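This is a predicted model, so every value here is computed, not measured.
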Amino acid sequence: QVRLVESGGGTVLPGGSLTLSCAVSGYTYDTYCMAWFRQAPGNEREGVAILQPTGNTYVDRSVRGRFALSRDNARNTLYLQMDSLKPEDTAIYYCAGTRLVATGSTCTLLDRQFDFWGQGTQVTVSS
C-alpha cells in the first residue's frame, strides 16, 4: 500500500526558508505523478508543484522562483524547498501521488487526480 509521510514543517520569519520532506513507500507503479498541495485556513486546497513521470517539474505561478520540487530516488523521498517565505505561504502542506498513469502522460494539479495523500505538515510564516 502506498504511504506518504510529510515532515519538516514549522514556524519561520518572513524571508526564511524551510525544506519539506515526503517519505514515499509502497509504490509498485512504473509511471506516476507526485505533487505538493497546500491549504490555508478558510481557503480551498491549491496545487503548489508537481513532478511528472518524465522527471519534469512544474511549479505554480504563485510560488515560482521561490519554491522548488525535487526527489531523491535513493532515499525514496520527495522534497519541497521553500525560500523567501511570505505570510501568505502559511498553510498545511500535503504530499500526494497518483496511481499508474499512461506512459508519456502528464498530470495536472487537480485534487481529484491524486489517489494517495499524506497527513500534512503545518508551515507558519509570521513575524
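Counting heavy atoms from C-beta on, the side chains of Val63 and Val48 come closer than 4.5 Å. Tyr79 is not listed as a side-chain neighbour of Leu20, based on a closest heavy-atom distance of 4.5 Å or more. When side chains are defined from C-beta on, Thr57 does not count as touching Gln52, because their heavy atoms never get closer than 4.5 Å. With contacts defined as side-chain heavy-atom distances shorter than 4.5 Å, the pair Glu46/Asp60 does not qualify. Side chains of Leu51 and Leu78 form a contact here, defined as non-hydrogen atoms less than 4.5 Å apart.
No donor-acceptor pair under 3.5 Å is formed between the side chain of Ser127 and the backbone N or O of Leu13. Remark: the backbone N or O of Glu6 is paired with a side-chain donor or acceptor of Gln119 at under 3.5 angstrom. With hydrogens and angles ignored, the 3.5 Å screen pairs a side-chain donor or acceptor of Asp115 with a backbone N or O of Arg99. At distances below 3.5 Å, not a single donor-acceptor pair connects side-chain atoms of Ser84 with backbone N or O atoms of Gly15. With hydrogens and angles ignored, the 3.5 Å screen pairs a side-chain donor or acceptor of Asp72 with a backbone N or O of Arg75.
Residues Cys107 and Thr98 approach most closely at SG-CG2, 4.2 Å, considering heavy atoms. Scanning all heavy atoms of the two residues, the minimum distance from Val123 to Gly9 falls at CG2-CA, 4.2 Å. Heavy atoms only, all atoms of each residue included: Pro53 and Tyr32 are closest at CG-O, 3.5 Å. A pairwise comparison of heavy atoms in Leu109 and Ala35 identifies CD2-CB, 3.8 Å as the closest pair. Of all non-hydrogen atoms in Phe116 and Leu4, the two that sit nearest each other are O-CD1, 3.4 Å. Contact detail for Gln122 and Ala91: the closest heavy-atom pair is NE2-O, 3.4 Å.
Separating the CG atom in Leu80 from the CG atom in Leu18 is a distance of 9.5 Å, to the nearest 0.5 Å. The line from CG of Leu85 to OG of Ser126 is 12.0 Å long, rounded to the nearest 0.5 Å.
Residues Val125 and Val59 fall within the same hydrophobic cluster, defined by Ile, Leu, Val, Met, Phe, Trp and Tyr side chains chained together at heavy-atom separations under 4.5 Å.
Side-chain contact, Ser17 with Asp83: a donor N or O sits under 3.5 Å from an acceptor N or O. Looking only at atom types and distance, the side chain of Arg64 has a donor-acceptor partner in the side chain of Tyr58 under 3.5 Å away.
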Starting from the C-alpha separation in whole Å, work towards a yes-or-no answer on side chain to side chain contact (heavy atoms under 4.5 Å, CB included) for Met34 and Val24. CA-CA 10 Å; Met34 298 291 298; Val24 181; 3.9 Å; yes
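Residues Tyr93 and Phe37 keep their aromatic ring centres 6.0 Å or farther apart.
Cation-pi geometry between Arg112 and Trp117 is not satisfied (NZ or CZ under 6.0 Å from the ring centre, within 45° of the ring normal). For the pair Arg45 and Tyr94, the cation-pi test (distance below 6.0 Å, angle within 45°) is passed.
The side-chain contact (heavy atoms from CB on, under 4.5 Å) with Arg66 is formed by just one residue from the set Lys86, Met82, Gln81; it is Lys86. Each of Asn43, Asp89, Thr90, Thr121 was scored for a side-chain hydrogen bond (donor to acceptor under 3.5 Å, both in side chains) with Arg38, with one residue passing: Asp89.
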